[in-house]
2 protein chains.
Amino acid sequence: MDARQRLSAAGLRRTAARVLVTERMVAEGRPLTPAGICEALPELDRVTVYRTLASLEGAGLAHKVQGLDGAWRYCIDDSEISGCPGGHPHLLCTRCGAMACLLGQGLPWVAVPEGFAVQGKQLVVHGICASCAAAGAR
Amino acid sequence: MDARQRLSAAGLRRTAARVLVTERMVAEGRPLTPAGICEALPELDRVTVYRTLASLEGAGLAHKVQGLDGAWRYCIDDSEISGCPGGHPHLLCTRCGAMACLLGQGLPWVAVPEGFAVQGKQLVVHGICASCAAAGAR
DNA sequence: CTTCGAGATGCAACCCTGTTGTATTTGAGG
DNA sequence: CCTCAAATACAACAGGGTTGCATCTCGAAG
């Protein structure tokens, strides 16, 4: 699906910033930090990127996860069916900061105390990714 | 176990700051943010609290989890046997920021791509805690 | 008990992520 | 083409966390 189509389908105004950010996220296909997007799209203001991502998330076009480094990462929801957020675990390389969605796996059921209203769950598996391990072994 | 004993057993120097922080954490019994500890111990410098927590974690006396608000929380490992980190899910109230350990439950096994070296896992369940729900309903 | 050095502390400054306020621009419907 | 709500840019700010460095203190050795 085209970036413009995605935006229109979600009822969002089809602005330059949103098209650029969406296209970038689709091209990457993995969760990106706002900083990473700003780097890839220097013509956009930092605040615009933050607000654009918030719009996309609010419209259900993207989901967000936090890394261990205190930065949130946003990822385009590729399948209209996938029940993000709350959907799948995420993988984070603590060396290069890259994150990946572990599609195809769900999140476990967790027993919570009486009276606690669960809004969502986040499972982040962290470690060293294959390419970083190879680079570090040199 | 006494705070001083904990420190000695872990091979850490038994300084005033470490004793105070450890006692505070034992008294609370739930994961605390550095900011929360600073508030409770205004005689300590902010940086000292951060470094003290890092020491405790490095010595295996405490484990840390991140909240959804970008702040890490530290919790004393009470049982010498518990295999923290990587031990249990955590519960976070997104309204008041309080966090609790969900002891007695483990973390799920997650399938990761070939070559990824897992260092740890974090499962955070967020929502509204019972007391906040009660306060909000007023 | 005194000495002494590695390690811990306090302070100041800094970086990064993210948010807020406001003036200006822009997109989409009429 | 016009209009106006929504989106953008810019600046300033807030919070969490880190780093560098001078000073202090624990605890071991004598």
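Below, all heavy atoms of this structure are taken into account, side chains as well, without hydrogens, waters or symmetry copies. The chains referred to below are lettered A, B, ... by the order of the sequence lines, with proteins before strands, and numbering in each begins at 1.
Scanning all heavy atoms of the two residues, the minimum distance from A:Leu53 to A:Tyr74 falls at CD1-CD1, 3.7 Å.
Between the A:Gln66 side chain and the B:Gly67 main chain, a donor and an acceptor come within less than 3.5 Å of each other.
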Could you run down the sub-3.5 Å N/O contacts of the protein with nucleotides 28-30 of chain C?
unit_1 : atom_1 : unit_2  : atom_2 : d
C:dA28 : OP1    : A:Arg14 : N      : 2.6

Are any protein N/O atoms closer than 3.5 Å to N/O atoms in nucleotides 15-18 of chain D? If there are, list each pair with its distance.
unit_1 : atom_1 : unit_2  : atom_2 : d
D:dG17 : OP1    : B:Trp72 : N      : 2.8
D:dG17 : OP2    : B:Tyr50 : OH     : 2.9
D:dG17 : N7     : B:Arg46 : NH1    : 2.9
D:dG17 : O6     : B:Arg46 : NH2    : 3.0

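Rounded to whole angstrom, the span from the CZ atom of B:Arg4 across to the P atom of D:dC26 amounts to 11 Å. Per the geometry, CD belonging to A:Glu57 stands 12 Å off P belonging to C:dG18, to the nearest Å. Spacing between atom CG of A:Leu44 and atom P of D:dC10 amounts to 11 Å, rounded to whole angstrom units. The interatomic distance linking B:Glu43 (CD) with D:dC24 (P) rounds to 19 Å, in whole Å. With rounding to whole Å, A:Leu7 atom CG is found 14 Å from D:dA6 atom C1'. In this structure, A:Arg18 places its CZ atom 12 Å from P of D:dA9, rounding to the nearest Å. Going from atom CG of A:Asp45 over to atom C1' of C:dT22 covers 13 Å, rounded to whole Å.
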Would you mind writing out the side-chain donor-acceptor pairs for residues 104-116 of chain A within the sub-3.5 Å range, not counting sequence neighbours?
unit_1   : atom_1 : unit_2   : atom_2 : d
A:Gln105 : OE1    : B:Ala111 : N      : 3.0
A:Gln105 : NE2    : B:Ala111 : O      : 2.8

Tabulate below the donor-acceptor pairs under 3.5 Å that side-chain atoms of residues 18-25 of chain B make, not counting sequence neighbours, or state none.
unit_1  : atom_1 : unit_2  : atom_2 : d
B:Arg18 : NH1    : B:Arg13 : O      : 3.2
B:Arg18 : NH2    : B:Ser55 : OG     : 3.4
B:Thr22 : OG1    : B:Arg18 : O      : 2.6
B:Arg24 : NH2    : B:Glu28 : OE2    : 2.8

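Checked against side-chain contact (heavy atoms from CB on, under 4.5 Å), B:Ala27 has no partners two or more places apart in sequence or in another chain. Applying the side-chain hydrogen bond (donor to acceptor under 3.5 Å, both in side chains) test to B:Asp69 and every residue at least two apart in sequence or in another chain returns B:Arg73. Remark: B:Ser8 pairs with no residue by the side-chain hydrogen bond (donor to acceptor under 3.5 Å, both in side chains) rule, at least two apart or across chains. With sequence neighbours left out, the side-chain contact (heavy atoms from CB on, under 4.5 Å) criterion links B:Cys101 to B:Pro31, B:His63, B:Cys75, B:His88, B:His90, B:Leu103.
The side chain to side chain donor-acceptor pair (under 3.5 Å) contacts involving residues 31-43 of chain B comprise nothing, where partners must be two or more places apart or lie in separate chains. Sorted by first and then second residue, the salt bridge (charged side-chain N to carboxylate O under 4.0 Å, His left out) pairs involving residues 44-54 of chain B (not counting sequence neighbours) form an empty list.
Remark on the helix from C:dC1-D:dG30 to C:dG30-D:dC1: inter-end axis angle 30°, axes from five-pair C1' superpositions, rounded to 10°.
The cluster map of Ile, Leu, Val, Met, Phe, Trp and Tyr, joined by side-chain heavy atoms under 4.5 Å apart, puts A:Leu123 and B:Leu102 in the same cluster.
In this model, a side-chain donor or acceptor of B:Arg51 finds a partner on the base of C:dG10 within 3.5 Å.
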